[in-house]
Number of protein chains: 2
Amino acid sequence: MQSRTPASRTGRPRSAAADTAILAATREALVELGWSKLSLGDVATRAGVAKTTVYRRWAGKSELVTDALATLFDQLVLPDLGSLRADVEGVVLQFAELLEQPATKTALMAVVAEATHDDALRQRLREKIVARQKRLVVEGRRRAQSRGEIPPDTTDPGPQIDLIFDMIAGAVVHRTLVSCEPVDSGWAARFTAVLLDGLAAAAG
Amino acid sequence: MQSRTPASRTGRPRSAAADTAILAATREALVELGWSKLSLGDVATRAGVAKTTVYRRWAGKSELVTDALATLFDQLVLPDLGSLRADVEGVVLQFAELLEQPATKTALMAVVAEATHDDALRQRLREKIVARQKRLVVEGRRRAQSRGEIPPDTTDPGPQIDLIFDMIAGAVVHRTLVSCEPVDSGWAARFTAVLLDGLAAAAG
DNA sequence: GGCATTACGCTACAGGTCGTAGCGAAAGCT
DNA sequence: AGCTTTCGCTACGACCTGTAGCGTAATGCC
């Protein structure tokens, strides 16, 4: 999680409680203050640690918020609801619910913004967020294939997975954070219908 | 563009050249520094104006960057390419090209991030970016209807327009800025096929 | 032309944040 | 015990913020 874990065995170990306290304080401060007014000194005070302790573990605000964000995305799971359509609607609503949390929306957009001009941060974002969420698409496809709802892969499914991932995540993020409209069950049903019907028609 | 235009007729008028210079300097500084390291004092120096002049016109960093961003989005047009499919592919590629510009991607994400906890900024964003660009969807639908490609409206087209807008803009933004993959003509064609086939199937 | 009004550039300022350095004390391992 | 590393704390220079005051420049009105 931190920038380095040099396999040092001697000396006083770092407090694991401090890690969780700092990440929790970061999420809390993000909700109250937003990205631009979030200061690492304030985070340290909230977490009950010294400011220097924060700087010893994270290089800056971007890295700290990225890790705080990763703990939020770990909540996502893919429940088996019995059909592809129900699974997609379920993950859409679940993802929207996650993005409703103030800490999630603020942190995600701010980190993406910083990542546009920071290669290391972009790499960190792809590893800890994007790659993890793509597994939901892979798993949903695998279930649908085992149910016989969609045919098995004949070609490389990679581009198809990327397209589905960007369409689902992009639409939910855009509606929630840019258009600022709620993702309710009605919207989720209409979106899922367009997506699945379009995929079926484009494949056949 | 600025916060107030009190219809004052007497006194020295504000320099329009200063406006454009400040906005251009903002876009330039955003590319070099990113959001978090962008300072208004630096923008003023780049624009060749005093720092106080910037503060007289914009309340803060968020408002300034939002206006700088709006000037970029106003470049978007909807060329008539003869068919709905070609029009959609054209606007997808054009939007992707706009998002390839470093100033656009940085500014858009940063403003969205700040808007998650700033009601006034969110309102500004909706007025100057979202509402303005929805015109592209409305215009594209109107053209397709006049060509007979899609039936005329029978119910309120508002939700349909919102869904299309979020799906197009969301997918392009997500692929470009979060997944960090290029939007080339192949991806645009596959995305457009899924979208239009899905809309046709869901309507019929 | 003279006058009021407003914007401009410039300087200065208090307040806050940043990121680092140094110190002694605490906590673990051998 | 002795060694090593982290911990909390304080202090520091540097930078950015947003405002105030000053004299000057540009415009409209009389």
Side-chain angles (χ1 to χ4, degrees), chain A residues 1-23 25-26 28-30 32-67 110 113-114 118 120-121, chain B residues 1-26 28-30 32-67 110 114 118 120-121:
Chain A
M1 182 161 302
Q2 298 85 332
S3 48
R4 51 177 181 178
T5 308
S8 61
R9 297 166 186 273
T10 176
R12 174 177 178 176
R14 284 187 170 173
S15 164
D19 265 7
T20 59
I22 291 170
L23 290 174
T26 302
E28 176 190 312
L30 264 176
E32 292 182 20
L33 306 172
W35 167 270
S36 59
K37 291 181 180 171
L38 175 73
S39 75
L40 297 197
D42 186 46
V43 168
T45 304
R46 290 170 187 261
V49 302
K51 190 175 66 166
T52 45
T53 299
V54 178
Y55 278 101
R56 284 190 192 100
R57 301 174 186 220
W58 285 277
K61 195 196 284 193
S62 302
E63 290 79 5
L64 174 59
V65 172
T66 303
D67 286 356
E114 294 298 315
D118 183 334
L121 183 61
Chain B
M1 178 163 302
Q2 298 84 333
S3 47
R4 52 179 180 177
T5 308
S8 62
R9 298 165 186 273
T10 176
R12 175 177 176 175
R14 284 188 170 171
S15 165
D19 265 7
T20 59
I22 291 170
L23 290 174
T26 302
E28 176 191 312
L30 265 176
E32 292 182 21
L33 306 173
W35 167 271
S36 59
K37 291 181 180 174
L38 175 74
S39 75
L40 296 198
D42 185 46
V43 168
T45 303
R46 289 170 187 262
V49 302
K51 191 176 66 168
T52 44
T53 299
V54 178
Y55 278 101
R56 284 190 191 102
R57 299 174 187 222
W58 284 278
K61 194 197 284 193
S62 303
E63 290 79 5
L64 174 60
V65 173
T66 302
D67 286 355
E114 294 297 314
D118 183 333
L121 182 61

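First the proteins, then the strands, lettered A, B, ... as listed; each starts at 1.
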Partners meeting side chain to side chain contact (heavy atoms under 4.5 Å, CB included) with [X] (sequence neighbours left out):
X       : answer
A:Thr52 : A:Ala50, A:Arg56
A:Ser39 : A:Asp42
B:Lys51 : B:Ala44, B:Tyr55

Is the distance from OP1 or OP2 of D:dG8 to the nearest side-chain N or O of A:Thr53 less than 4.0 Å?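 True: A:Thr53 side-chain N/O within range (under 4.0 Å) of D:dG8 OP1/OP2.
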Is there any protein nitrogen or oxygen under 3.5 Å from a nitrogen or oxygen in nucleotides 25-28 of chain C, and what are the pairs?
from: C:dA26; atom 1: N3; to: A:Arg12; atom 2: NH1; distance (Å): 3.1
from: C:dA27; atom 1: O4'; to: A:Arg12; atom 2: NE; distance (Å): 3.4

Over how many whole Å does the gap from B:Arg56 atom CZ to D:dA25 atom C1' extend?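 After rounding, the reported distance stands at 13 Å.
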How long is the line joining CZ of B:Arg14 and C1' of D:dA25, in whole Å?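 It works out to 16 Å between those atoms.
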Which pairs, protein N/O on one side and nucleotides 16-18 of chain D N/O on the other, fall under 3.5 Å?
from: D:dT17; atom 1: OP2; to: B:Leu40; atom 2: N; distance (Å): 3.1
from: D:dG18; atom 1: OP2; to: B:Tyr55; atom 2: OH; distance (Å): 3.2
from: D:dG18; atom 1: N7; to: B:Lys51; atom 2: NZ; distance (Å): 3.2
from: D:dG18; atom 1: O6; to: B:Lys51; atom 2: NZ; distance (Å): 2.9

Suppose we screen for side chain to side chain donor-acceptor pair (under 3.5 Å). Which residues come up paired with B:Thr53, at least two apart in sequence or across chains?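 Scan of B:Thr53 (side chain to side chain donor-acceptor pair (under 3.5 Å), adjacent residues dropped) gives none.
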Considering only heavy atoms from C-beta outward, does the side chain of A:Leu38 approach that of A:Lys61 to under 4.5 Å?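 Yes; the side chains approach each other to less than 4.5 Å.
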Would you say that B:Leu40 contacts B:Trp58 through its side chain, given a criterion of any heavy-atom pair below 4.5 Å between the two side chains?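 No. Closest side-chain heavy atoms not under 4.5 Å.
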Base, sugar-phosphate, or nothing: which does B:Thr52 touch, judged by heavy atoms less than 4.0 Å apart?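 Since a base atom lies under 4.0 Å of B:Thr52, the category is base.
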Nearest heavy-atom pair of A:Ala21 and A:Ala47: which atoms, and what distance?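 A:Ala21 and A:Ala47 have their closest heavy atoms at O-CB, 3.6 Å.
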For B:Ala18 against B:Ser15, the heavy-atom pair lying closest together: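 In this case the closest contact between B:Ala18 and B:Ser15 is N-OG, 3.1 Å.
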